[in-house]
Protein chains: 2
Amino acid sequence: MKYIIGIDIGTTATKGILYEKSGKEIAQAEIAYPLIQEKSGQAEEDPRLIFDTVQKIIYQLSQKAAGKIAAISWSSQMHSLIGLGKDGELLTNSITWADNRSSEIVQEAKESKLAQTIYERTGMPPHPMAPVYKLLWLKEEAPDIFAQVKKWISIKEYIILRLTGKILTDTTMAAGSGMMNLETLNWDEKILNYIGINESSLPKITKPHCVVGKVVKEYRDKFDLSDETKIVLGASDGYLSTIGVGVFDENYFALNVGTSGAVRVIAHEAITDQNNRFFCYPIDQTHYLLGGPVNNGGIVFEWARKTIFDPAETATDFLNAAQTVPAGSNGLLFHPYLGGERAPIWDAQARGSFVGLMRIHTKPQMARSVLEGIVFNLLGAAQGLLDQMGKPQALRVTGGFVKSDFVRQMIADIFNLPVIVIKNEQSGTLAAMFLAQKALRDNVDFMQAKEKTSESKVYFPNPQSVAVYQELIPIYREIEHELENSYGKLASFQAKHPQTFEQK
Amino acid sequence: MKYIIGIDIGTTATKGILYEKSGKEIAQAEIAYPLIQEKSGQAEEDPRLIFDTVQKIIYQLSQKAAGKIAAISWSSQMHSLIGLGKDGELLTNSITWADNRSSEIVQEAKESKLAQTIYERTGMPPHPMAPVYKLLWLKEEAPDIFAQVKKWISIKEYIILRLTGKILTDTTMAAGSGMMNLETLNWDEKILNYIGINESSLPKITKPHCVVGKVVKEYRDKFDLSDETKIVLGASDGYLSTIGVGVFDENYFALNVGTSGAVRVIAHEAITDQNNRFFCYPIDQTHYLLGGPVNNGGIVFEWARKTIFDPAETATDFLNAAQTVPAGSNGLLFHPYLGGERAPIWDAQARGSFVGLMRIHTKPQMARSVLEGIVFNLLGAAQGLLDQMGKPQALRVTGGFVKSDFVRQMIADIFNLPVIVIKNEQSGTLAAMFLAQKALRDNVDFMQAKEKTSESKVYFPNPQSVAVYQELIPIYREIEHELENSYGKLASFQAKHPQTFEQK
């Protein structure tokens with residue numbers, strides 16, 4: 001029983017890694033699946049398809065370990081919602097974080113005091129990603145299904161249920177529902193009452209390193225697993241990817257920018273923000289994951305490469321052109337809200353813009369301003385955390401957007417903080433494996449994780465560029481506020497013509 | 001004595017056309033000259049160089065008519081300022097309308113009541129183009145020169161002075177100084193007092209078709225002209241190009257869009273606007289030229305072709321791509337203020353923007369939104385006129401920007417007015433020739449001009465596109481207002497780094 005499998009259930013794919021118990025990586029497997037987007041705003045997934053994917057991954061990895069798997073542990077996408085009927089049958093798909101159909105409910109909640117109440121009691125900012133808003137939406141939109149559901153769970157609970165027959169959730173996943181009380185770390189009665197559901201329709205909440213149980217015979221046989229293989233509860237990808245890059249306290253902020261992005265930090269107490277700028281998700285009574293998720297990361301870079309440049313030009317062409325322009329892009333500002341935005345503005349109707357155009361601005365300025373805009377927005381997402389917790393020693397950064405020296409230096413200059421690049425890109429599954437180690441031995445010090453995450457390179461802020469950005473950032477923010485109303489009006493115009501204006 | 005020469009003294013070139021007295025065009029000549037832009041904001045010209053150019057053109061055209069020139073008449077760029085010393089020597093270059101160095105003076109005048117007073121008394125909106133502001137600037141910046149100048153004139157007076165030895169100006173040119181009173185059609189004493197100059201330091205004002213005199217012997221000999229050749233005073237290019245396209249009253253608006261653009265109409269009384277949106281320049285006691293000049297016409301189209309598309313792609317490529325997108329560019333708005341703007345916002349610090357970007361927006365949407373933005377801005381420049389005078393029967397349009405059916409139809413749809421395309425592109429010299437006809441015979445009906453201007457094609461508004469634009473235009477205007485403050489801040493940032501940020 002020498003091996004551990006860490007599985008990361010993502011939005012577009014599931015990845016599994018086979019580790020030796022010591023932590024050494026042996027093999028990987030990854031399988032993608034599609035989002036279901038048939039209606040405007042819909043973003044669902046078929047839980048059975050994801051379970052099939054998980055089965056294939058366990059089987060593949062188990063084969064490489066001759067079935068000697070001590071434990072399987074989980075990292076999971078957050079905020080998904082699945083309704084089960086009285087016999088455990090699926091009454092809904094998995095409605096993912098990307099589903100926007102509760103936007104109006106959120107808007108109403110912002111206008112009443114509800115959104116503020118939810119944020120203060122659960123740390124969940126007002127956004128359609130949150131199951132609390134999805135439940136309110138389903139209750140209005142599909143009251144029959146809403147009434148029939150006996151259990152509301154997320155995708156991780158569904159997978160574990162199929163494997164073990166048990167329904168359990170962990171604090172980090174429960175926090176992502178917007179229904180777990182920040183102080184009690186249990187379901188918030190006031191909010192459940194408001195929705196009109198009982199605690200019995202939600203899973204029991206326990207700790208991430210808890211062992212749920214063994215794999216039921218059917219799958220044990222199917223995967224050639226031993227009857228000793230333990231299923232560890234696991235945790236949210238947001239939490240695990242944070243500790244997975246060596247961020248355990250306020251000394252470092254974790255910045256991950258792939259297609260989307262997030263900045264995260266771990267505090268020792270619950271901290272909320274009067275402007276709702278960041279989430280506050282409990283891990284346990286003395287650890288809280290704070291952070292801001294942003295929609296517009298590498299996906300915007302990709303858009304700009306194809307649109308401002310040309311589909312035939314590479315990311316390197318784009319970066320090379322951007323580097324010919326000084327910091328500040330000759331006074332051209334870009335707001336990256338092509339897909340609405342979560343942190344820091346929490347506005348699904350936000351839209352992108354270039355402001356400040358002069359005739360001297362050509363493709364290189366536009367290219368650089370796109371990159372700067374993406375990073376200004378990430379700084380915005382971090383600003384609430386910086387205001388409340390002070391400056392960390394450095395940022396620990398990962399993700400596809402931060403592959404170039406140029407972008408890494410830009411992040412250091414815009415944040416005015418050292419940037420430490422973390423090599424290990426499988427931080428979620430790695431930290432899931434740590435949870436399994438802890439579950440098996442119960443004496444793992446998470447600080448060991450730091451040693452597993454190799455710091456490849458450090459970038460220090462350049463004072464001249466910092467000075468330029470300090471001038472531009474207030475103007476960037478001001479424009480964001482100035483355009484607030486018009487974003488909504490443009491979004492309404494775009495929504496009025498769904499056949500031509502629908503976001504793909 | 002069968003011929004008339006019409007000469008148009010432009011900002012970048014002077015054109016001359018030789019006409020038969022009947023109005024038939026015989027020959028053309030055109031010579032370009034450079035702007036002097038050695039200091040930030042400077043845009044001067046050497047009056048001697050322009051006079052040399054004029055000499056060459058007269059000589060070339062006169063040769064083709066064997067010297068049988070009955071009259072030479074003038075169309076001229078407006079707003080230039082030249083200071084002459086006590087012996088008529090040049091103490092300054094010709095400071096053109098494009099010179100921005102009195103921007104701060106204008107800003108101060110806007111903050112005090114001065115700008116409003118000047119507008120109400122002279123019809124001149126607050127802008128550094130106006131000689132009234134240039135004089136205030138020179139008084140501060142170069143008090144010695146200011147004190148030495150005995151006569152302040154414009155480029156047309158300078159050319160005519162060299163040819164005839166006489167200094168005279170006409171109402172349409174005097175109106176462009178911001179110092180001629182709207183009611184008296186004479187220099188405004190209150191404003192002259194404020195500047196600290198006397199009426200004697202300005203030319204006498206008379207009518208455009210007045211004969212100034214004959215050509216002095218030196219040049220008569222040089223050009224082989226007869227001693228009967230008359231120099232007609234002529235008028236401003238703004239006025240002449242308006243009547244030159246057949247706009248004599250409020251029944252039509254003239255819309256000319258080349259590199260920059262203007263919308264103009266002739267009213268029978270002085271009309272001003274409480275928001276200073278349009279100029280009101282007297283022609284005589286019963287005719288007033290109202291209008292708005294815009295900086296950002298074809299020059300912005302050209303920028304977008306090279307920047308959003310590629311220098312290797314043609315205007316046709318750009319237009320073809322734009323045509324694949326529906327009216328409204330899928331909710332993407334463009335503000336064309338790449339070079340600051342005169343009408344309708346009168347803000348030299350205004351900057352360009354794209355607002356409303358989503359991932360579905362690619363080059364074709366950006367292309368169409370650039371064209372729509374240019375036309376939305378022209379509509380803005382016309383809006384004050386439409387509010388005060390009501391809708392005309394149609395727009396009479398000319399210029400390089402309106403060469404394609406697609407753009408012409410877009411103008412009809414955005415203005416919600418029929419668009420009549422006028423073929424004759426030499427409307428300024430043509431109307432200068434009419435002035436000469438009038439001077440020679442004094443019985444020319446300007447309405448004849450209409451017959452000379454051939455209407456090549458008419459475009460009627462498409463109700464579906466009109467409806468889309470009616471939704472978008474208020475959002476476009478709103479964004480313009482929202483960004484007002486930030487324009488100034490971005491402009492200051494850009495100005496702080498002149499070596500890299502200077503507008504070329």
Side-chain angles (χ1 to χ4, degrees), chain A residues 296 299-300 302-304 306-311 325-326 328 330-340 351-363 365-366 468 471-472 474-476 478-479 481-487 489-497 500-504, chain B residues 296 299-300 302-304 306-311 325-326 328 330-340 351-363 365-366 468 471-472 474-476 478-479 481-487 489-497 500-504:
Chain A
N296 299 290
I299 198 169
V300 172
E302 188 58 12
W303 169 85
K306 289 192 211 153
T307 302
I308 306 301
F309 278 59
D310 194 90
V325 175
N330 298 126
L332 176 61
L333 289 175
F334 176 74
H335 290 78
Y337 307 132
L338 303 188
R351 294 291 178 263
S353 65
F354 284 97
V355 177
L357 287 165
M358 300 166 79
R359 287 201 301 279
I360 54 156
H361 295 138
T362 54
K363 285 187 199 291
Q365 282 87 357
M366 295 181 90
V468 169
E471 277 184 68
L472 273 182
I475 310 177
Y476 175 96
E478 191 175 273
I479 291 172
H481 290 301
E482 286 164 351
L483 292 176
E484 226 166 52
N485 277 320
S486 297
Y487 286 154
K489 291 184 186 174
L490 283 171
S492 302
F493 176 89
Q494 288 159 347
K496 204 173 152 184
H497 307 265
T500 41
F501 299 103
E502 199 155 56
Q503 186 83 271
K504 290 281 170 5
Chain B
N296 298 290
I299 198 169
V300 172
E302 186 59 13
W303 169 85
K306 289 192 210 156
T307 301
I308 306 302
F309 278 59
D310 195 272
V325 174
N330 297 126
L332 177 61
L333 289 176
F334 175 74
H335 290 79
Y337 308 133
L338 303 188
R351 293 291 178 263
S353 65
F354 284 98
V355 176
L357 286 164
M358 300 169 80
R359 287 200 302 278
I360 54 156
H361 294 137
T362 54
K363 284 186 201 292
Q365 282 87 356
M366 294 181 90
V468 169
E471 277 184 69
L472 273 182
I475 309 176
Y476 175 97
E478 192 175 272
I479 292 172
H481 290 301
E482 286 163 352
L483 292 176
E484 225 166 54
N485 276 320
S486 297
Y487 286 154
K489 291 183 185 172
L490 284 171
S492 301
F493 176 89
Q494 289 159 345
K496 204 173 151 185
H497 307 265
T500 41
F501 300 104
E502 199 156 58
Q503 187 82 270
K504 292 282 172 3

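Below, all heavy atoms of this structure are taken into account, side chains as well, without hydrogens, waters or symmetry copies. Reminder, nothing fancy here: chain letters follow the sequence lines and each chain counts from 1.
- One finds the CE atom of A:M366 at 7.5 Å from the OG1 atom of B:T307 (value rounded to the nearest 0.5 Å).
- Between atom CG of residue A:L472 and atom CG of residue B:L490 there is a gap of 7.0 Å, rounded to the nearest 0.5 Å.
- Considering only heavy atoms from C-beta on, A:R351 stays 4.5 Å or farther from B:V355 through its side chain.
- One finds the NE2 atom of B:H361 at 9.0 Å from the CH2 atom of A:W303 (value rounded to the nearest 0.5 Å).
- Under the side chain to side chain contact (heavy atoms under 4.5 Å, CB included) criterion, B:E478 pairs with A:N485, A:S486, A:K489, B:E482, sequence neighbours left out.
- Residue B:V468 touches chain A through both its backbone and its side chain, counting heavy-atom pairs closer than 4.5 Å.
- By the 4.5 Å heavy-atom criterion applied to side chains, B:L338 and A:I360 are not counted as neighbours.
- Looking at A:E471 and B:K496, a side-chain N of the basic residue comes within less than 4.0 Å of a carboxylate O on the acidic one, giving a salt bridge.
- Remark: B:K363 NZ to A:F309 CZ distance equals 8.5 Å, nearest 0.5 Å.
- From A:L333, atom CG reaches atom CZ of B:F493 across 8.0 Å, with rounding to the nearest 0.5 Å.
- For chain A, the nearby part of B:F334 is the side chain; its heavy atoms alone come within less than 4.5 Å.
- One finds the CZ atom of B:F354 at 6.5 Å from the CG atom of A:L357 (value rounded to the nearest 0.5 Å).
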